[in-house]
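Notes follow the structure.
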Protein chains: 6
Amino acid sequence: MPLTDLSLAECLAYRPVVPEPPDLDAFWAATLEEGDAGGDPVGRFEPVRTGLALVDTFDVGFAGFGGEEVRGWLHLPAGTSAPLPCVVQFQGYGEGRGLAWQQQFWAVAGYAHFVMDTRGQGWGSLPGATPDGAARAAGEPSPITWGLRSPHDYYYRRVFVDAVRACGVLGGHPMVDADAVVVTGASQGGGIALAAAALVPGLLGAMVDVPFLADVRRAVDVCGVPPYADLATVLQHRPWMAEAALQTLSYFDVAALASRAAAPALFSIAMMDPVCPPSTCFAAYHRYGGPKQLRVYEFADHAGGEATHLGEQAGWLASLLASR
Amino acid sequence: MPLTDLSLAECLAYRPVVPEPPDLDAFWAATLEEGDAGGDPVGRFEPVRTGLALVDTFDVGFAGFGGEEVRGWLHLPAGTSAPLPCVVQFQGYGEGRGLAWQQQFWAVAGYAHFVMDTRGQGWGSLPGATPDGAARAAGEPSPITWGLRSPHDYYYRRVFVDAVRACGVLGGHPMVDADAVVVTGASQGGGIALAAAALVPGLLGAMVDVPFLADVRRAVDVCGVPPYADLATVLQHRPWMAEAALQTLSYFDVAALASRAAAPALFSIAMMDPVCPPSTCFAAYHRYGGPKQLRVYEFADHAGGEATHLGEQAGWLASLLASR
Amino acid sequence: MPLTDLSLAECLAYRPVVPEPPDLDAFWAATLEEGDAGGDPVGRFEPVRTGLALVDTFDVGFAGFGGEEVRGWLHLPAGTSAPLPCVVQFQGYGEGRGLAWQQQFWAVAGYAHFVMDTRGQGWGSLPGATPDGAARAAGEPSPITWGLRSPHDYYYRRVFVDAVRACGVLGGHPMVDADAVVVTGASQGGGIALAAAALVPGLLGAMVDVPFLADVRRAVDVCGVPPYADLATVLQHRPWMAEAALQTLSYFDVAALASRAAAPALFSIAMMDPVCPPSTCFAAYHRYGGPKQLRVYEFADHAGGEATHLGEQAGWLASLLASR
Amino acid sequence: MPLTDLSLAECLAYRPVVPEPPDLDAFWAATLEEGDAGGDPVGRFEPVRTGLALVDTFDVGFAGFGGEEVRGWLHLPAGTSAPLPCVVQFQGYGEGRGLAWQQQFWAVAGYAHFVMDTRGQGWGSLPGATPDGAARAAGEPSPITWGLRSPHDYYYRRVFVDAVRACGVLGGHPMVDADAVVVTGASQGGGIALAAAALVPGLLGAMVDVPFLADVRRAVDVCGVPPYADLATVLQHRPWMAEAALQTLSYFDVAALASRAAAPALFSIAMMDPVCPPSTCFAAYHRYGGPKQLRVYEFADHAGGEATHLGEQAGWLASLLASR
Amino acid sequence: MPLTDLSLAECLAYRPVVPEPPDLDAFWAATLEEGDAGGDPVGRFEPVRTGLALVDTFDVGFAGFGGEEVRGWLHLPAGTSAPLPCVVQFQGYGEGRGLAWQQQFWAVAGYAHFVMDTRGQGWGSLPGATPDGAARAAGEPSPITWGLRSPHDYYYRRVFVDAVRACGVLGGHPMVDADAVVVTGASQGGGIALAAAALVPGLLGAMVDVPFLADVRRAVDVCGVPPYADLATVLQHRPWMAEAALQTLSYFDVAALASRAAAPALFSIAMMDPVCPPSTCFAAYHRYGGPKQLRVYEFADHAGGEATHLGEQAGWLASLLASR
Amino acid sequence: MPLTDLSLAECLAYRPVVPEPPDLDAFWAATLEEGDAGGDPVGRFEPVRTGLALVDTFDVGFAGFGGEEVRGWLHLPAGTSAPLPCVVQFQGYGEGRGLAWQQQFWAVAGYAHFVMDTRGQGWGSLPGATPDGAARAAGEPSPITWGLRSPHDYYYRRVFVDAVRACGVLGGHPMVDADAVVVTGASQGGGIALAAAALVPGLLGAMVDVPFLADVRRAVDVCGVPPYADLATVLQHRPWMAEAALQTLSYFDVAALASRAAAPALFSIAMMDPVCPPSTCFAAYHRYGGPKQLRVYEFADHAGGEATHLGEQAGWLASLLASR
C-alpha cells in the first residue's frame with residue numbers, strides 16, 4: 001500500500017482550521033451535567049469464569065449516557081488485593097467488548113484493565129452486549145450517521161458520555177488507583193480516548209492510535225472506505241442535509257476536542273492508513289493540549305504499529321507511572 | 001454474469017422443505033391482532049407540490065406496527081374524482097419512499113399508486129422518512145439482523161404489519177377502489193409483497209419480482225453479497241446464536257408464507273441474480289397459494305426484467321382488471 | 001468515495017487552456033451545412049400504445065447526420081392540443097432511447113418531452129433502435145474511439161448533428177412551442193446538450209449534468225474508468241496515433257464548444273465523480289457562454305444530484321418559462 | 001485459480017447436445033458460394049522492412065467476405081525460394097495481426113507463417129488494420145454481439161469466410177506448399193481455426209487451443225467474463241431477442257461445425273480457464289471429426305499451455321509433416 | 001460469504017481416497033531418524049523482559065531439522081515452580097512466533113505455552129526469527145512450493161521434523177509435565193499439529209483448526225486463493241512438473257498422516273472457508289486415528305470459530321486433563 | 001488507467017536527491033573483485049534442439065556471483081560463423097530465462113541474443129533454472145526483500161554481479177563481437193540493465209524500459225502493487241528494520257548507479273505505469289551518465305511501448321551499430 005494522504009513532511013506541517021462551534025465547551029458541559037443526573041454512579045461487577053488462571057474477570061454494568069446500562073469487562077491480575085493503575089480501553093468501529101477472554105493484555109501486564117463496550121455496535125469479531133437506546137431514524141445506516149441531524153441526537157454524544165462515566169466508575173473501584181487511570185484505544189477507540197482525555201479531568205495519561213473522528217470534513221474528502229465513506233454516501237443521497245450534518249460533526253471532531261486535553265499522551269499514526277487518513281490524525285495530534293509523544297509508522301496501514309507499538313505503549317506507561 | 005445458482009431445469013424442479021414453525025399462523029394472527037389495537041385506521045393525506053402537472057401527490061402518514069407513523073406517497077392522476085384500482089408498492093433493501101417525484105409509474109398508467117416507506121431504512125438513492133421505533137441492540141448491523149434473537153423482536157415483524165396496514169388504509173381511501181388493491185415490489189419489496197399477499201385477505205393481485213427473504217437458510221449458503229451475507233457475518237461471529245436466529249427467520253420466510261396467499265400473482269425471477277438466488281425465488285413461487293404466472297429472465301441479474309417486465313406487469317394488471 | 005479530482009476551491013479557480021483548432025467554427029459550420037443537405041426536415045411521428053393513461057407517446061424517426069434515420073420517443077401529456085415547451089433529452093454512454101414507457105418525467109411535468117436515441121449505442125438498460133451508418137474500423141472498440149483518426153470521421157460529429165437536427169425537428173412539431181426548446185442530459189447526454197447549446201441558435205435553455213467530453217486531454221490523465229479509460233487503452237497500444245487523435249478530439253471538446261452557447265443554463269457537477277472528473281466539468285461550466293447557474297454536489301459520484309437535482313431542474317425550468 | 005467448470009473426469013465424459021439447425025450445411029455452402037463470387041482470388045503481397053534479418057515479411061491484402069480487403073502478414077524464412085508448409089494463424093478476441101515483427105514463431109521454425117487480421121477488431125496489444133464493412137446496429141457493443149439478430153448478419157459469418165479465403169489465397173502462394181496448409185489459433189483464434197477446419201477441404205492439420213464459440217449456450221451460463229459475458233449482458237437488457245440470438249449462434253457454434261472437420265488436429269484445453277470454460281472446449285473436441293490428440297493443462301487458466309504447448313505443437317507439426 | 005465447497009451433509013459423508021505412497025511410513029521413520037542424528041536435544045531457554053507481570057517468557061532455540069536452530073517463545077505463569085501441562089502451538093502461513101508479548105493465551109490459562117517459529121516464514125504481523133537453511137530453487141515463490149520436486153527436498157519435511165523435535169524438547173523441560181504435551185494450531189498450524197499428532201508418540205492431545213495441507217489435490221481444484229492457489233500457479237507454468245509435485249505432496253498430506261495419530265483431538269472446521277476448503281478439512285477429520293470431537297462453524301470463513309472456539313478449546317483441554 | 005504519478009511536465013523537471021552512501025563505489029568495486037575471484041570465466045554452451053530452423057540455441061551456464069552457476073540461453077542466427085553484436089537481456093520480476101524457444105527476437109533480428117536467468121526466480125510464464133544459493137531468512141517473502149538487512153546479504157548484490165559476469169562471458173564468446181555488447185531489459189530487467197551499464201566498462205549501449213529499483217524510497221510511497229508494495233508490507237510488520245533496510249537499498253538504487261554509466265542509452269517510460277512509477281524512472285533517466293534518448297509513452301501502463309518500442313529499439317540499435 002502506498003501513501004494514502006499527505007507525505008510525512010506535509011503532515012508534520014499540517015495545521016488545519018478545524019471548525020469549532022462557539023458553544024462547544026458549553027455543549028459538553030451541559031451534556032455531562034445532564035449525563036451525571038442519571039444512574040447509579042458505582043456500577044455492578046460480577047465475577048465470571050473464564051478458565052484463565054492468571055486473571056480475574058468481572059462482567060461490568062454501569063450507568064452510561066441517560067442512565068442506560070453500558071457493559072464491559074474488568075480484568076485484574078488474579079488475587080489482586082490492592083489498588084492498581086487502570087487502563088480503560090475503547091474499541092474500534094463495529095466492535096464491542098468481545099468475549100471475556102479475548103483482550104487481557106494490560107491485566108497480564110499487571111494493571112487493572114477495563115474494556116468498555118460500544119453501545120449498539122459489536123457485530124464483528126469482538127461481540128458486544130450493550131444496546132443503544134435511541135430509535136433508528138430513516139437514512140442512517142451506520143454509527144457515524146446515527147442522529148446526524150443534530151448534535152443533541154448524534155450517536156457519539158452518547159458514546160463519549162459513556163466513556164467519561166466509565167473513567168469515573170473505574171476510578172471509584174476499590175482495586176483501582178483513582179489517580180492512575182489511563183485511557184487507550186485505536187481507530188474509533190482512539191477517537192473515544194481523545195474525547196475522554198478532553199472531558200475527564202485528572203486522567204494520568206492517554207494512549208491514542210490512528211484516531212477516528214478527527215478533522216472529519218477533510219477525512220470525508222480524502223478517504224474512500226467506511227466508516228468515513230458511509231458519511232459521504234448518506235450525504236450523496238441527501239444533499240440538503242449536508243450543512244446540518246457538518247454542523248453536528250463539529251461538536252464531536254476530536255481534533256477540536258483534543259486541545260482541551262491535559263494528560264500526557266502517546267500517539268501513533270500510520271502513513272499508509274486508508275481508513276483514518278494520517279493528516280487527520282496529525283490534526284488531532286498537533287492540537288492535543290497535553291504533553292505528547294508520537295510514533296509514526298511510515299509503512300503501516302490502519303493496523304498501525306501492531307505488536308511493536310504495544311511494546312512501546314507498555315514501556316511508555318511504565319515510565320509514566322515511575323515518574324509520578 | 002453467469003448462473004449464480006441452480007440451472008433453470010433444476011429450479012423448475014426444486015421443491016425444498018421450508019421449515020414452518022407449528023405456530024406460524026397463530027404467530028401472525030396474534031401479531032396482526034396486536035397491530036390492529038393501535039393507531040388511527042384512516043391515515044393522513046397531505047397534498048404536496050411536486051411541479052408535475054399530470055399527477056397529484058399526497059404525503060401520507062398512517063399507523064403502522066405499534067401505532068408508529070409510517071410514511072408514504074400517494075400518487076393519483078391529476079384531478080382524480082372517482083375510485084381507481086390501487087398499486088401498493090414496497091421498496092428494496094436500504095430504500096425508502098424516495099422524493100415525491102421519483103416513482104410515479106402506476107399513477108401515469110392511470111392507477112392510484114402508493115409507495116410505502118420502509119421503516120428505519122431509506123439511506124440510498126430513494127431516501128426515507130420513517131423511523132423504526134425499536135432501539136439498536138448490540139451485534140445487529142443491518143435490517144436483516146435487527147431483532148434476530150426472537151420472532152417477537154424481529155424487524156420484519158414490524159415491516160410486514162406496516163404493509164398489511166397500508167393495504168387497509170389505502171383500501172379505505174375515497175379515491176381507491178377497495179376491491180382492486182394490488183401489491184408489488186422487487187427484492188425486499190417482493191418479499192414484503194408476498195407477505196402482504198399472505199396476510200391481507202381480498203387483495204386483487206400481487207406482482208412479485210426477485211423476492212428477498214425466501215428460503216433463507218439456503219440463500220445464506222448460496223449468496224455471497226448483502227443482505228444475505230450480512231446474516232452470515234453476524235452468525236460467524238456469534239455462532240451460539242445461530243439456532244435461535246434460524247428459528248426466528250422461519251416465521252418470516254416468505255417461501256413459507258407464500259402458501260397462505262390466494263390472490264393471482266405475476267412473478268419474475270432472474271437466473272443470474274447474485275443477490276436473491278433464483279432457487280430461493282422459485283421456492284416461493286412453487287409454494288405460492290394463488291393462481292400464478294412466471295416470467296423467467298435467463299440472462300438477468302438482480303435487476304431482473306427491468307423495463308421489459310414493467311411492460312409485462314402493466315399488461316398483466318390490465319388483463320386482471322378487465323377480467324373482473 | 002473520496003474526491004476524485006481537484007478540491008472544490010481548486011475547481012472554482014480552474015481555468016485551463018482548452019485547445020481550440022483555428023477552424024473550429026468553420027468545421028462546424030461546414031458540418032451542419034452538409035448535414036442540412038440530407039433528409040426529410042419534418043420527421044415521422046407514429047403513436048404507440050404504452051398502456052399509460054396520462055401520456056401519449058410517439059415513435060419518432062427523423063433525418064439525422066447524413067440523412068440517416070434517428071429514432072426517439074416523443075411524450076406528450078395525454079390529449080395535448082396546444083403547443084408546449086419541449087425538453088429534448090440526450091442519453092448517457094451506452095444508452096439509447098429505452099422502451100417507450102421508461103422515461104417520461106418531463107411529460108408528466110407538463111411538457112413535450114423528446115428522448116433522442118444515440119446512434120449505434122443502446123446496449124444497456126435503455127435499449128436503442130438507431131444504427132450508426134459508419135463501418136467498424138480496426139482498433140476502435142467503443143464510441144469514444146470510433147473514427148478517432150480524423151474529425152471528419154469521428155463518431156460524435158454524427159451524434160452532434162443528430163442532436164442539432166432533433167432540436168430543429170421538434171421545434172417544428174405542431175404541439176411544440178418553437179421558442180421554448182430546452183436541451184438536457186447527463187454525462188454523455190450532458191456533453192451532447194452542451195454541443196447542441198453551442199450549435200443550435202435560439203434554444204430557450206440547457207440543463208447540463210456532469211458532462212462528458214469536456215477538457216478531454218485532462219480527463220484521460222485523471223480518470224481511470226470507461227469511457228475515458230477506453231481512450232487511454234486505445235492510445236496505449238497505438239502510440240503513433242495519439243497526436244492525430246488529440247487533434248480530432250479538439251473539434252469535439254464541449255469545454256471548447258461551450259463558449260459558443262448563449263442560452264441560459266443550469267449545470268450540476270459532482271465532486272466525487274470518478275467517470276467525468278469534476279475539474280473537466282468545471283472547465284465547461286467556466287467557459288459556458290450564456291447565463292448560468294451551478295449546483296455542486298460535494299458528496300456525489302457520477303449519479304450527481306439524482307432526484308434532488310431533478311427537482312432543482314423542474315423549478316429552474318418553471319422559472320425560466322415564467323420569466324419569458 | 002481453482003477449477004472453473006466441470007472436473008476433468010466430467011469433461012472427459014461430457015457429450016452435450018449441441019443444437020444444429022437443419023440447414024446448417026446449406027447455410028455454409030450458400031455463404032461460401034456467395035463469398036466466392038467476390039474479389040481477387042490471389043491477394044496482394046508487399047514486402048515490408050522490419051529490420052529482422054532472418055525473416056522476410058509481406059503485408060498481405062486479400063479479398064475476404066464480400067470482397068472486402070482483409071489484411072495479414074506473411075512471414076517467410078529469409079530468402080525462401082521453394083514452397084514451404086504454411087501455418088495460418090487466427091487471433092484472439094480484440095486482437096489484430098499486430099505489428100509486422102510481433103509474431104513470427106512459425107517462420108522462425110522454418111515454415112511459411114500467415115497471421116490473419118480479424119476484421120473490425122485489433123484494439124489491444126496486437127493492433128489490427130482491417131475494417132468490418134457492416135454498419136453498427138444499436139445494442140451490439142462487442143464482436144460476439146455484432147449482427148446477432150440473424151445468421152445472415154452475424155459478424156462471425158464474415159470472419160469465418162475471411163478465414164476460408166485466407167487458406168485458399170495462401171495455398172495459392174508460390175512459396176507455399178498447397179498440400180500443407182495448417183490452421184492454428186487460441187481462444188477466438190481457436191474457434192476460427194475450427195471453423196476453417198470444418199469449411200476448408202484438404203487442410204493438412206489444425207492446432208486448436210482453448211477454443212471460443214463452442215457450446216455457446218452452456219458457455220454463457222457458466223462463464224462470468226467477456227466475451228461470453230457480453231452476450232449475457234446484451235440479452236439481459238433485450239430479453240425479447242434471446243431466442244433469435246440463440247438461433248443465430250447455432251449456425252456458428254464451432255462445437256457443431258467441428259464434426260464436419262477431417263484434418264488431423266491437436267487440441268489443448270485448460271481446466272482452470274475462466275474465459276472459455278473447459279467443458280465447452282471438450283464439447284468441440286469430442287465432436288471433432290478428424291483424427292485428434294489432446295493436451296489437457298490441469299492447472300492452467302486461459303493462457304493454456306503457453307510455451308510448453310508451443311513446443312508440443314512444433315513437435316506435432318513436424319511429425320505430421322514427416323508422416324506424409 | 002457463501003459456502004465455498006460441499007454442503008455440510010456432503011462433507012459429513014465425504015470419504016475421499018487420499019493417495020498414500022507405499023513407503024509413507026518408511027519415509028517418515030527414516031526422516032525422523034535422520035533428524036534425531038543432529039543437534040542438541042535439550043534446547044536453549046533465555047529469559048526475556050516483556051514487561052508483563054503475570055507471565056515469564058523465554059526465548060527458545062532448539063535443534064530442528066538437520067540440527068538447524070529453530071526459535072520459539074516459552075511462556076510460563078510467573079513464578080512457575082512445578083511442571084505444568086504444555087500447549088505447543090504452530091503458526092499460520094507466513095507467520096512466525098511473533099513478538100514475545102503477542103500470544104500468551106495458554107500461559108494466562110495456567111499452562112506452559114510454547115509458540116514455535118516456522119522456519120523461513122514470519123513476514124506478516126507475527127514476525128519470525130528462524131531461517132530455513134535450504135537455498136532458493138528456481139520457480140518456487142512461496143513455502144507450499146519450496147522443494148516441490150522431491151519429498152526429500154520439500155519444505156514441510158523440515159517443518160514437520162521441527163515440530164516433532166519441539167514436542168520432544170518441551171517435554172524434556174523441567175517446568176513441563178512430559179505426559180501432558182498438547183499440540184495446537186490453525187490453518188498451516190493445524191496441518192503441522194496434525195503431522196505432529198501422527199509422528200510424535202505419547203501426546204496428550206491435539207487441537208486442530210481449519211487445517212491446511214489436507215486432501216491437497218482436491219484443495220487445489222477447489223480453492224482460488226493462496227497458499228493453495230500458489231501451487232496451481234506454479235504448475236500452470238511448469239506443467240511437466242505436475243506429476244512429481246503431486247507425488248511429493250502425497251508424503252505430506254495431513255489427511256493421509258492423520259490416520260497415524262492416536263491422541264484425542266478437538267477439530268474445528270468452517271463451512272465458508274475459502275482458504276482451506278471444508279471438504280479437505282473433513283477428509284483429515286474423518287481419517288484421524290484417535291478419539292475425536294468436532295465443532296463445525298457453519299457461517300465462518302477461514303477465521304473459524306474465533307474466540308468462541310478458543311473457549312471451547314479451553315474447556316476441552318481442562319476436561320482432558322481432568323480425566324487423566 | 002489514469003496517470004499514476006506526477007504529470008509529464010513534473011516528471012521532466014523532477015530531480016530528486018537520491019541518497020548515495022559515501023562508500024557506494026567502494027562497495028561495488030569490492031563486490032566485483034570478490035566476484036571475480038570465483039568460477040570459470042568462460043562458461044558452458046551446450047546446443048539444444050528447439051525445432052526452430054532459423055536460430056541455433058545454446059543452453060548456457062556460467063559462474064555468477066560466488067561462482068554459482070547461472071543459466072541462460074544464447075540464440076544465434078542459424079549457422080553463424082563470424083562474431084556478431086550481442087544483446088544481453090535481463091528479465092522481469094518473477095521471470096526466468098523461459099523455455100528455449102520463448103524469446104528470440106534479437107537473434108531473428110540478426111544478433112547474438114543472450115537471455116540471462118534471474119537466480120531464484122522464474123515462477124511465472126518464463127520459467128527459470130537457476131537457484132539462489134542463499135538460505136531463506138525469516139521475514140523475507142519475495143526477492144525485493146531477500147537479505148534486506150545488509151548490503152552484503154542483499155539479493156540484488158548477487159544478481160547485479162551475475163549480470164556483470166554475463167556481459168564478460170558473452171563478450172568472450174567466439175561468435176560475439178566483444179566491442180558490441182548491448183544490455184537490455186524491462187522493469188526488473190531494466191534495473192539490472194542499468195546496473196550493468198554502471199558496472200561494466202565498455203558496453204556499446206543500453207536499452208532500458210520502465211526500470212525497477214530506481215528512486216526506491218519514493219517508489220514505496222507512491223506505488224501500491226508488488227514488488228514495491230512487498231517492501232512496504234515487510235517494513236510495516238518490522239518497523240524497527242526500516243532504517244537498515246533503506247540503508248541497504250541505497251547501495252542498489254539504480255537511480256544512484258545510473259550516474260556511473262557511460263554507454264549510449266535508449267530509455268522508455270510509461271506515464272500510466274502503476275508498477276514502476278514514472279517519476280522514479282525519470283529519476284534514473286535524468287541521472288544517467290551517458291548519451292541518452294527517451295521515448296515517453298503517455299498512455300501506457302507497465303507494459304510500456306510494447307511492440308512499438310521494440311521497433312524503436314531495433315532502429316536505435318541499428319543506428320548505434322552503423323555509427324561506429
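Residue numbering restarts at 1 for every chain, and letters A, B, ... go by the order of the sequence lines. Keep in mind that the numbers below use all heavy atoms, side chains included, and drop hydrogens, waters and symmetry copies.
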With 3.5 angstrom as the limit, list the donor-acceptor pairs from chain F to chain E, or say none if there aren't any.
unit_1: F:Q121; atom_1: O; unit_2: E:G139; atom_2: N; d: 2.7
unit_1: F:G122; atom_1: O; unit_2: E:R238; atom_2: NH2; d: 2.7
unit_1: F:G128; atom_1: O; unit_2: E:R238; atom_2: NH2; d: 3.0
unit_1: F:D132; atom_1: N; unit_2: E:R136; atom_2: O; d: 2.7
unit_1: F:D132; atom_1: O; unit_2: E:R136; atom_2: N; d: 3.0
unit_1: F:D132; atom_1: OD2; unit_2: E:R136; atom_2: NH1; d: 2.9
unit_1: F:R136; atom_1: N; unit_2: E:D132; atom_2: O; d: 3.0
unit_1: F:R136; atom_1: O; unit_2: E:D132; atom_2: N; d: 2.7
unit_1: F:R136; atom_1: NH1; unit_2: E:D132; atom_2: OD2; d: 2.9
unit_1: F:G139; atom_1: N; unit_2: E:Q121; atom_2: O; d: 2.8
unit_1: F:R238; atom_1: NH2; unit_2: E:G122; atom_2: O; d: 2.7
unit_1: F:R238; atom_1: NH2; unit_2: E:G128; atom_2: O; d: 3.0

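In this structure, chain F has a heavy atom under 4.5 Å from the backbone of E:A129, while its side chain stays farther away. For E:L126, no part lies under 4.5 angstrom from a heavy atom of chain F.
In this structure, E:A137 and F:P131 approach most closely via the heavy-atom pair CA-CB, 3.9 Å. Counting all heavy atoms, side chain and backbone alike, F:A135 lies closest to E:G133 at CB-O, 3.5 Å.
Of all the listed residues (E:G124, E:G96, E:P143, E:G94), the one sharing the greatest number of non-hydrogen pairs under 4.5 Å with chain F is E:G124.
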